[in-house]
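All values below were derived from every heavy atom in this structure, side-chain atoms included, with hydrogens, water molecules and symmetry-related copies excluded. In what follows, chains are A, B, ... by sequence order, proteins preceding strands, each numbered from 1.
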2 protein chains.
Amino acid sequence: MNSVLFAKAIADETRQKIMVLLCCNWLCVTDVVERLGDVRQPTVSHHLSILRDAELVHTRREGKQVFYSLNQQAVATCCGGLLVKFAPDTVAESNVIPLTDIPLN
Amino acid sequence: MNSVLFAKAIADETRQKIMVLLCCNWLCVTDVVERLGDVRQPTVSHHLSILRDAELVHTRREGKQVFYSLNQQAVATCCGGLLVKFAPDTVAESNVIPLTDIPLN
DNA sequence: CGTACATATCGAAGATTGTCTATATGTTAA
DNA sequence: TTAACATATAGACAATCTTCGATATGTACG
């Protein structure tokens with residue numbers, strides 16, 4: 001996933017609040033609307049569609065409701081991409097203990 | 001640094017191109033303008049000021065010129081913050097080999 | 001079927017952002 | 001001090017984004 005698209009997807013306060021709500025949690029749209037408290041349902045649907053397009057959420061329909069949860073693996077992959085691109089020195093191999101250097105008895 | 005501010009700061013194609021140019025490199029504004037090729041100097045200055053406000057670049061004046069370079073440590077810290085906030089399961093302690101488990105001979 | 005409920009889409013208003021030209025500010029050297 | 005150069009700021013414009021109310025679509029149940 002393109003790092004500009006990822007950044008744009010998470011570059012909004014409301015969207016990040018939604019992401020926190022969906023972290024380790026399956027919530028339907030109405031639940032998210034309730035927990036945010038100050039954002040209307042179409043707005044939440046809109047943000048969810050942006051997160052869905054960026055593949056940052058999992059989706060599951062259950063009857064009338066659609067449940068969402070955060071795709072932590074995707075977030076981790078994107079953050080890793082940012083690190084490699086913009087902080088290579090902090091992830092250089094020399095900062096890692098090679099497996100071969102660990103005596104396994 | 002606030003994760004929304006960080007995301008906004010890097011949520012632009014031109015800005016990310018500038019960040020790549022400044023990664024491991026001190027360049028003055030004119031250099032950046034030249035290497036981008038399709039962006040005017042005031043635009044570059046504008047983007048640099050956004051990166052500076054977000055503390056994502058180091059700055060050094062040398063005579064008439066102002067040199068910039070990417071603050072990799074800040075980027076790494078912000079990415080770490082994103083990981084903790086939005087991908088906690090991928091950075092859980094259980095995914096790390098505790099130092100005490102590594103026999104040091 | 002028709003009703004009720006959940007979610008998505010549409011269209012518009014207002015805010016924010018990216019880019020430009022023009023110009024101001026800062027720095028060096030003649 | 002003045003000229004030349006480097007960078008920053010101001011103001012304008014277009015594009016994009018966030019939000020909303022209204023409404024369409026999808027689903028379950030009498």
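Along DNA chain D, the nucleotide closest to A:E62 and the one closest to A:T14 are compared, and the more 5′ of them pairs with A:T14.
Applying the 3.5 Å distance criterion, the base of D:dA8 shares a donor-acceptor pair with the side chain of B:Q41.
For the side-chain contact (heavy atoms from CB on, under 4.5 Å) criterion with A:Q73, the lone passing option out of A:N71, A:V75, A:L70 is A:N71.
Interface limits on DNA chain C: the 5'-most and 3'-most nucleotides within less than 4.0 Å of chain A heavy atoms are C:dC5 to C:dT9.
Cluster membership check: B:L83 does not share its hydrophobic cluster with A:I10, using side-chain heavy-atom separations under 4.5 Å among Ile, Leu, Val, Met, Phe, Trp and Tyr.
One distance of note links CZ of A:R61 with CZ of A:F67; it measures 11.0 Å at 0.5 Å rounding.
Listed pair B:Y68 / D:dA8 meets the phosphate criterion, a side-chain N or O lying under 4.0 Å from OP1 or OP2.
In this entry the distance linking NZ of B:K8 with P of D:dT16 reads 17 Å, nearest Å. Regarding A:I18, its CD1 atom lies at a distance of 11 Å from the P atom of D:dT18, rounded to whole Å. Summarising the geometry, the separation between NE2 on B:H46 and P on D:dA10 is reported as 12 Å, rounded to the nearest angstrom.
One N or O on the side chain of A:N2 and one on the backbone of A:V4 form a donor-acceptor pair closer than 3.5 Å.
Nearest nucleotide to the B:K64 side chain, out of D:dA8, D:dG21, D:dA6: D:dA6.
Nucleic acid contact class of B:V44 (heavy atoms, under 4.0 Å, all strands): none.
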